[in-house]
Amino acid sequence: MTGIQRRLLAWYAKYGRANLPWRVVRDPYYTVVSEFMLQQTQVDRVVPIFGTFISRFPTFSALAKGPQSEVVRYWKGLGYNTRAVRLKALADAVVTKFGGEMPTEENLLLELPGVGPYTVAAIRAFAFNYDAAPMDTNVRRIVHRVHFGIEYPAKAASKELDMLARQLVPNGKAHDWSSAMMDLGALVCTARAPRCAACPLQTLCVAAPIDAARLERLREEFAKPATAKEPVPFELTARFARGRIVDRLRELPPGERISLLDLEREIVGIVAAEVGERFDELVAALEKEKIVARDGNEISLA
DNA sequence: AACCCGGGGAT
DNA sequence: ATCCCAGGGTT
């Protein structure tokens with residue numbers, strides 16, 4: 001083990017969030033559910049919903065058996081509802097194709113719905129402790145800072161970081177290493193205002209000590225021009241309207257439907273006029289994503 | 001490569 | 001007021 005690896009793991013043993021529900025119980029199902037919920041969603045928001053979700057759907061088999069509409073109802077508060085649809089489809093596949101046992105081969109995992117390169121590595125590292133390096137935004141940022149310096153502008157390509165990260169994982173300790181990197185990224189080596197003084201790697205890090213003001217300046221200097229778009233209040237966006245539609249359908253008693261006309265009337269009363277005019281378009285998109293289903297002129301969660 | 005998908009917390 | 005988040009799928 002290198003000095004960096006030792007210090008990182010020692011820091012994790014002391015300050016890591018070992019009490020996270022998907023770390024307390026080592027179960028591939030817990031790993032998969034948590035990884036889906038955590039895609040682009042912060043830990044604090046996932047924790048309470050994870051608990052109620054696991055209580056209702058404790059195993060792949062239970063999730064495969066449950067109706068998708070109920071899965072989507074339990075997803076309320078997390079956003080990105082297609083993740084719920086894909087997770088349910090994944091459970092179906094695990095039960096029907098793999099006898100209820102989560103596969104471990106990369107190629108098999110990658111074919112599962114909602115599973116990309118990151119989640120393949122996450123499942124292998126967290127559920128099976130194979131020597132994999134899930135490259136999330138935290139790991140990427142830390143590896144870049146420690147080995148190449150501040151990430152603006154990026155001095156290392158994504159592929160280069162990926163290769164390096166894999167070498168950095170101590171043999172047989174992928175679970176703890178990845179957990180440690182993600183906790184360090186969330187608690188110390190944060191994107192905006194890193195706490196280098198509290199970092200176990202500060203004396204070994206190319207970027208430390210990071211001056212937050214300088215970091216901010218560099219980020220703005222090298223930000224993509226697209227970021228300088230005209231800001232629109234979230235309540236005026238199509239995404240907000242989509243959320244209201246799905247939430248309204250969540251309120252329907254299971255098995256019941258609502259007429260499209262009634263739903264449109266309610267939604268138009270809530271959202272901005274320009275978005276309300278696109279009601280049909282929004283419903284069509286939700287239908288295509290298998291989140292909702294139409295039955296004649298009525299609609300419900302799929 | 002660019003775009004879409006939620007919504008709440010941190011700064 | 002803007003950035004950020006345990007990414008993946010589609011175009």
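In the text below, chain A, chain B and the rest are named by the order of the sequence lines, each starting its count at 1. All values below were derived from every heavy atom in this structure, side-chain atoms included, with hydrogens, water molecules and symmetry-related copies excluded.
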Does [N] have OP1 or OP2 sitting under 4.0 Å from an N or O in the side chain of [X]?
X	N	value
R195(A)	dT11(B)	yes
N81(A)	dG6(B)	yes
R83(A)	dC5(B)	no
R141(A)	dC5(C)	yes
K288(A)	dT11(C)	yes
T119(A)	dG8(C)	yes

Considering only heavy atoms and no angle criterion, is a donor-acceptor pair shorter than 3.5 Å present between the side chain of [X] and the base of [N]?
X	N	result
Q40(A)	dG8(C)	no
R45(A)	dG8(B)	no
R192(A)	dT2(C)	yes
T82(A)	dG8(C)	no

Identify whether any heavy atom of [X] sits under 4.0 Å from a base atom; if not, whether one sits that close to sugar-phosphate; answer base, sugar-phosphate or nothing.
X	answer
R140(A)	nothing
W75(A)	nothing
V139(A)	nothing

Item to check | Pair E151(A) + R141(A), salt bridge at N-O below 4.0 Å | outcome: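 Between R141(A) and E151(A) there is no salt bridge, as every charged N stays at least 4.0 Å from the carboxylate O atoms.
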Next on the checklist: What I want to find out is whether R242(A) reaches E289(A) closely enough, with some N-O distance under 4.0 Å, to be called a salt bridge.
Outcome noted: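 Looking at E289(A) together with R242(A), the answer is yes, because their closest N to O distance falls below 4.0 Å.
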Checklist entry - Which listed nucleotide (dG8(C), dT11(B), dC4(C)) is nearest to the side chain of R219(A)? => result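 So the side chain of R219(A) is nearest to dC4(C).
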Checklist entry - Could you give all pairs that pass the ring pair (Phe, Tyr, Trp, His ring centres under 6.0 Å) test and reach residues 174-196 of chain A, with sequence neighbours left out? => result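 Output for this query lists F126(A)-H175(A).
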Compile the donor-acceptor pairs under 3.5 Å between side chains in residues 92-104 of chain A and protein atoms, sequence neighbours left out, one pair per line.
unit_1: D92(A); atom_1: OD1; unit_2: K88(A); atom_2: NZ; d: 3.2
unit_1: T96(A); atom_1: OG1; unit_2: D92(A); atom_2: O; d: 2.9

Next on the checklist: Which residues in residues 167-189 of chain A have a heavy atom closer than 4.0 Å to any atom of DNA chain C?
Outcome noted: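 Contacting residues: M182(A).
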Next on the checklist: To check you understand the geometry: which heavy-atom pair defines the closest contact between F57(A) and G66(A), and what is its length?
Outcome noted: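 Of all heavy-atom pairs spanning F57(A) and G66(A), the closest is CE2-CA, 4.1 Å.
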Next on the checklist: I need the CZ-C1' distance between R239(A) and dC5(B), as an integer number of Å.
Outcome noted: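 R239(A) atom CZ is separated from dC5(B) atom C1' by 5 Å.
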Checklist entry - Rounded to whole angstroms, how far apart are CD1 on I49(A) and P on dG7(B)? => result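 Answer to the nearest Å: 11 Å.
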